[in-house]
Amino acid sequence: MRRALLALILVMPPLAASADDDRVPPLRDPIVLKECGECHMAFQPAFLPARSWERLMDTLSDHFGDDATFPPTTVAAIRRTLVAGAGRAGGAPSRITETRFFRHEHDFPDRVWNDPKVVTRSNCPACHRGAERGVYEDD
Ligand code: HEC
Ligand code: HEC
């Protein structure tokens, strides 16, 4: 399976855009990095629009089946950072992995997603070693 994934990545066309375009603004807020990086990597705010972050922050007691509640002041601080850095995708998707952007960039066969190292689509660092730094270009 690992082979399949590597092969897939190797056949991806080289990136035409400049290095700057491939870099997502990294997340530097220590509170968000800590609290939202506990169960999965702390996703960069630019991957979802403000409406999505607002809803996620309003529903932390039932966060994809987990309880991700924090004290109100922490929630308010996290919300500010996420909304300030939000992207401009349409609608209010609950998941990055459901956005049109993600689907377009990740149109892979099931065997890639079924790789035991990937586990779930939201496991960005499984395939992007620089994900936590906002680096998603060809790796
Ligand atoms: C107690 C564990 C836990 C904490 C803390 C947590 N999450 Fe999650 N989060 C999850 C789980 C479980 C999922 C679902 C993962 C999956 O299905 O791939 C998830 C999924 C997500 C997704 C959707 C990923 C996708 O599929 O695109 C986003 C966005 C997200 N979390 C944001 C946050 C933010 C923001 C915080 C901090 C306020 C946070 N999470 C804190 C457990 C947690
Ligand atoms: C199964 C492996 C895999 C997973 C998991 C994965 N990606 Fe990707 N992603 C790729 C591949 C392969 C590409 C296309 C080649 C490239 O540009 O690196 C890509 C492309 C991208 C791009 C475009 C990069 C560019 O320079 O054009 C972004 C941004 C991105 N992924 C973000 C994410 C985020 C955010 C997550 C987690 C929510 C994620 N990916 C999860 C494999 C994966």
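In listed order, ligands and their atoms are each counted from 1. Since this is a predicted model, take the numbers as computed values, not measurements. Side chains included, hydrogens not; waters and symmetry mates left out as well; all remaining heavy atoms used.
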Open item on the list: Which residue and atom name correspond to the protein heavy atom nearest atom 36 (C) of ligand 1, and how close is it?
Closed with: Cys36 SG, 2.9 Å

TODO: Would you tell me which option among Phe64, Phe70, Phe47 has the nearest heavy-atom contact to atom 20 (C) of ligand 1?
DONE: Phe64

Open item on the list: Return the closest protein heavy atom for atom 18 (O) of ligand 1 as residue, atom name and distance.
Closed with: Thr120 OG1, 2.4 Å

Task: Numbered atoms and elements of ligand 1 in range of Ala68, under 4.0 angstrom, heavy atoms - done: 4 (C), 5 (C), 6 (C)

Open item on the list: Taking only non-hydrogen atoms of Phe102, do any sit less than 4.0 angstrom from ligand 1?
Closed with: no

Listing, residues 60-67 side-chain donor-acceptor contacts under 3.5 Å, not counting sequence neighbours, or none:
from  : atom 1 : to    : atom 2 : distance (Å)
Asp62 : OD1    : Gly65 : N      : 3.4
Asp67 : OD1    : Thr69 : N      : 3.0
Asp67 : OD1    : Thr69 : OG1    : 2.7

Task: Per-atom contacts, ligand 1 versus Trp53 - under 4.0 Å to a heavy atom - done: 29 (C), 35 (C)

Open item on the list: Strictly under 2.8 Å, is atom 8 (Fe) of ligand 2 approached by any N, O or S atom of His128?
Closed with: yes

Open item on the list: Please determine whether any non-hydrogen atom of Arg121 lies less than 4.0 Å from an atom of ligand 1.
Closed with: no

- [ ] For atom 2 (C) of ligand 1, grab the closest protein heavy atom and report residue, atom and distance to one decimal in Å.
- [x] Cys39 SG, 1.9 Å

Task: Sub-4.0 Å atoms of ligand 1 with respect to non-hydrogen atoms of Asp67 - done: 1 (C)

- [ ] Check Cys124 against ligand 2 and report side chain, backbone, both or neither, counting heavy atoms closer than 4.0 Å.
- [x] both

- [ ] Look at ligand 1 and say whether Val32 reaches it with a heavy atom at a distance under 4.0 Å.
- [x] no

Task: Closest to atom 12 (C) of ligand 1 (judged by heavy-atom distance), picking from Leu33, Thr74, Asp66 - done: Asp66

